[in-house]
Amino acid sequence: MTATTARSGAPEPSSGAPGHRLPRAGFGLIGPRHARHSVSVDQLGALALPIGDDGVVIGVDAEGRPAVLGINRPTPYDVVLIGGLWTAQVLALRAAATGARVAVETGRPQAWAQMVHAMGGGQNGLAVYEVGRVPPQGASAGTPVLVVRDCGMRPPRGRVASGPWQAVLTLLPYLSPVAPRLLRQARLVGVQRISPDESAELGRALALPRADVEALPTLADGFTLWCADRDRQYVMTQPTDAEIGLLGTPRRMD
């Protein structure tokens, strides 16, 4: 008996048959051996990853491609939606599904009660607060936050503003007197069907082409024109079966 065998109490390892795996103390079996996969520095530029935009899928564009809204950002991000509650609630649901916590500031909590109940009583990503009562949310890269302000035509200045990893979505049912201030600070503006007069006023505020100004009063339910700087995109929000069961079909009016 050798000294090694005496210490471990195990037999001396033998070569065994080809491909036989031998136990190693504390490490399990020796795995199969493969050639290393590597590229040279000159080849790195040829690598590409098929990854699209990161964020919440808010619908499809005119070509039927997914339209994605990236709300989880390391910088403040303000969004204004001139439209219906249905669309705001779909965005809140989908944001929560991506891992964001959603804080709803509203004067009509009963309109959000069904969503809160469906999501576990406010313990699983969505909580509702009275107007002016939203506490600090403690947003971070690991726990991004979306604050939805559903405060009517004249929302007061919010106690909780946008910040790193905390986006704020303000819902306006129509183009209200406070809209110019909100539009100036917004990084993204969504517009659903509005009256011709509102469309003309909004066209001047956002420098919209005449074709868009004429199209806004005719938009069907579920359609939104999203505007960011000089970029514009029409998006149709298509609800899932679960969203229809919870919120109903797309609608502009509440």
Side-chain angles (χ1 to χ4, degrees), residues 58 69 71 73 75-92 95 102-112 128-137 145-163 166-235 237 247 250-254:
I58 58 175
L69 172 58
I71 59 173
R73 299 169 180 254
T75 55
Y77 197 65
D78 287 280
V79 182
V80 172
L81 173 62
I82 303 172
L85 177 64
W86 184 90
T87 301
Q89 290 183 328
V90 169
L91 294 180
V102 179
V104 179
E105 180 183 9
T106 181
R108 46 178 175 177
Q110 70 283 356
W112 294 84
V128 175
Y129 304 93
E130 296 179 3
V131 176
R133 299 294 183 87
V134 181
Q137 296 295 303
V145 173
L146 171 64
V147 178
V148 179
R149 305 199 69 214
D150 173 30
C151 305
M153 292 284 289
R154 297 174 179 265
R157 293 184 182 272
R159 290 180 55 191
V160 179
S162 63
Q166 179 166 292
V168 174
L169 168 65
T170 300
L171 174 65
L172 295 177
Y174 300 101
L175 197 63
S176 72
V178 302
R181 171 177 60 84
L182 296 173
L183 294 177
R184 283 193 297 269
Q185 70 184 38
R187 297 280 302 279
L188 180 69
V189 177
V191 188
Q192 297 188 310
R193 186 172 63 250
I194 54 179
S195 70
D197 290 343
E198 290 176 302
S199 184
E201 182 179 348
L202 190 67
R204 291 188 292 270
L206 299 180
L208 297 178
R210 183 178 180 84
D212 290 329
V213 172
E214 294 176 347
L216 288 176
T218 68
L219 290 182
D221 291 344
F223 279 82
T224 308
L225 173 62
W226 293 97
C227 308
D229 296 326
R230 297 294 179 180
D231 296 327
R232 298 178 304 279
Q233 187 175 51
Y234 287 94
V235 173
T237 301
L247 304 175
R251 59 189 180 276
R252 170 64 175 91
M253 303 297 293
D254 302 322

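Just so you know, these numbers come straight off a predicted model, no measurement behind them. All values below were derived from every heavy atom in this structure, side-chain atoms included, with hydrogens, water molecules and symmetry-related copies excluded. One is the number of the first residue; the rest follow in order along the sequence.
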**Prompt:** So, do Pro180 and Val178 sit near enough that their side-chain heavy atoms are less than 4.5 Å apart?
**Reply:** no
**Request:** Mind listing the closest non-hydrogen atom pair of Ala92 and Val102 along with its distance?
**Result:** O-CG2, 3.6 Å
**Message:** Applying salt bridge (Lys or Arg N to Asp or Glu O under 4.0 Å), can you list everything that pairs with Arg232, at least two apart in sequence or on another chain?
**Reply:** Asp212
**Item:** Working for side-chain contact (heavy atoms from CB on, under 4.5 Å), residues Tyr77 and Leu69
**Value:** CA-CA 11 Å; Tyr77 197 65; Leu69 172 58; 4.0 Å; yes
**Asked** So, for Ala161 and Val168, which heavy atoms are closest and what is the spacing to 0.1 Å?
**Response** C-CG2, 3.9 Å
**Request:** List in chain and number order the residues that pass salt bridge (Lys or Arg N to Asp or Glu O under 4.0 Å) with Glu214, two or more places apart in sequence or in another chain; answer none if no residue qualifies.
**Result:** Arg210
**Request:** Mind jotting down which residue pairs meet the side chain to side chain donor-acceptor pair (under 3.5 Å) criterion with at least one end in residues 167-186? Sequence neighbours excluded, please.
**Result:** none
**Prompt:** Within the side chain of Gln233, is there an N or O that forms a donor-acceptor pair under 3.5 Å with the backbone of Asp231?
**Reply:** no
**Request:** For the pair Leu91 and Ile58, evaluate side-chain contact (heavy atoms from CB on, under 4.5 Å) and give the outcome as yes or no after the intermediate values.
**Result:** CA-CA 7 Å; Leu91 294 180; Ile58 58 175; 3.2 Å; yes
Counting only pairs under 3.5 Å, give me each side-chain donor-acceptor contact of residues 146-158, with atom names and distances, residues two or more places apart or in other chains.
{"residue": "Arg149", "atom": "NE", "partner": "Glu105", "partner atom": "OE1", "Å": "2.7"}
{"residue": "Arg149", "atom": "NH1", "partner": "Pro156", "partner atom": "O", "Å": "2.7"}
{"residue": "Arg149", "atom": "NH2", "partner": "Glu105", "partner atom": "OE1", "Å": "3.4"}
{"residue": "Arg149", "atom": "NH2", "partner": "Glu105", "partner atom": "OE2", "Å": "3.4"}
{"residue": "Arg149", "atom": "NH2", "partner": "Pro156", "partner atom": "O", "Å": "2.7"}
{"residue": "Asp150", "atom": "OD1", "partner": "Arg108", "partner atom": "NE", "Å": "3.3"}
{"residue": "Asp150", "atom": "OD1", "partner": "Arg108", "partner atom": "NH2", "Å": "2.9"}
{"residue": "Asp150", "atom": "OD2", "partner": "Thr106", "partner atom": "OG1", "Å": "3.0"}
{"residue": "Asp150", "atom": "OD2", "partner": "Arg108", "partner atom": "NE", "Å": "2.9"}
{"residue": "Asp150", "atom": "OD2", "partner": "Trp112", "partner atom": "NE1", "Å": "3.0"}

**Complete:** All heavy atoms of Ala179 vs all of Leu172, minimum pair found to be CB-CD1, 4.0 Å
**Asked** Is Arg133 close enough and on-axis enough to Tyr129, meaning under 6.0 Å and within 45°, for cation-pi?
**Response** no
**Request:** For Arg252, check salt bridge (Lys or Arg N to Asp or Glu O under 4.0 Å) against everything at least two apart and list the hits.
**Result:** none
Which pairs of donor and acceptor atoms, one on a side chain in residues 188-208, lie under 3.5 Å apart (sequence neighbours left out)?
{"residue": "Gln192", "atom": "OE1", "partner": "Gly84", "partner atom": "N", "Å": "2.7"}
{"residue": "Gln192", "atom": "NE2", "partner": "Thr87", "partner atom": "OG1", "Å": "2.7"}
{"residue": "Gln192", "atom": "NE2", "partner": "Thr224", "partner atom": "OG1", "Å": "3.1"}
{"residue": "Arg193", "atom": "NH1", "partner": "Leu219", "partner atom": "O", "Å": "2.8"}
{"residue": "Arg193", "atom": "NH1", "partner": "Asp221", "partner atom": "OD1", "Å": "3.0"}
{"residue": "Arg193", "atom": "NH2", "partner": "Asp221", "partner atom": "OD1", "Å": "3.1"}
{"residue": "Ser195", "atom": "OG", "partner": "Glu198", "partner atom": "N", "Å": "3.2"}
{"residue": "Ser195", "atom": "OG", "partner": "Glu198", "partner atom": "OE1", "Å": "3.1"}
{"residue": "Glu198", "atom": "OE1", "partner": "Ser195", "partner atom": "N", "Å": "3.0"}
{"residue": "Glu198", "atom": "OE2", "partner": "Leu175", "partner atom": "N", "Å": "3.0"}
{"residue": "Ser199", "atom": "OG", "partner": "Val213", "partner atom": "O", "Å": "2.5"}

**Fill in**
Between the CZ atom in Phe223 and the OG1 atom in Thr218, the distance rounded to the nearest 0.5 Å is 10.0 Å
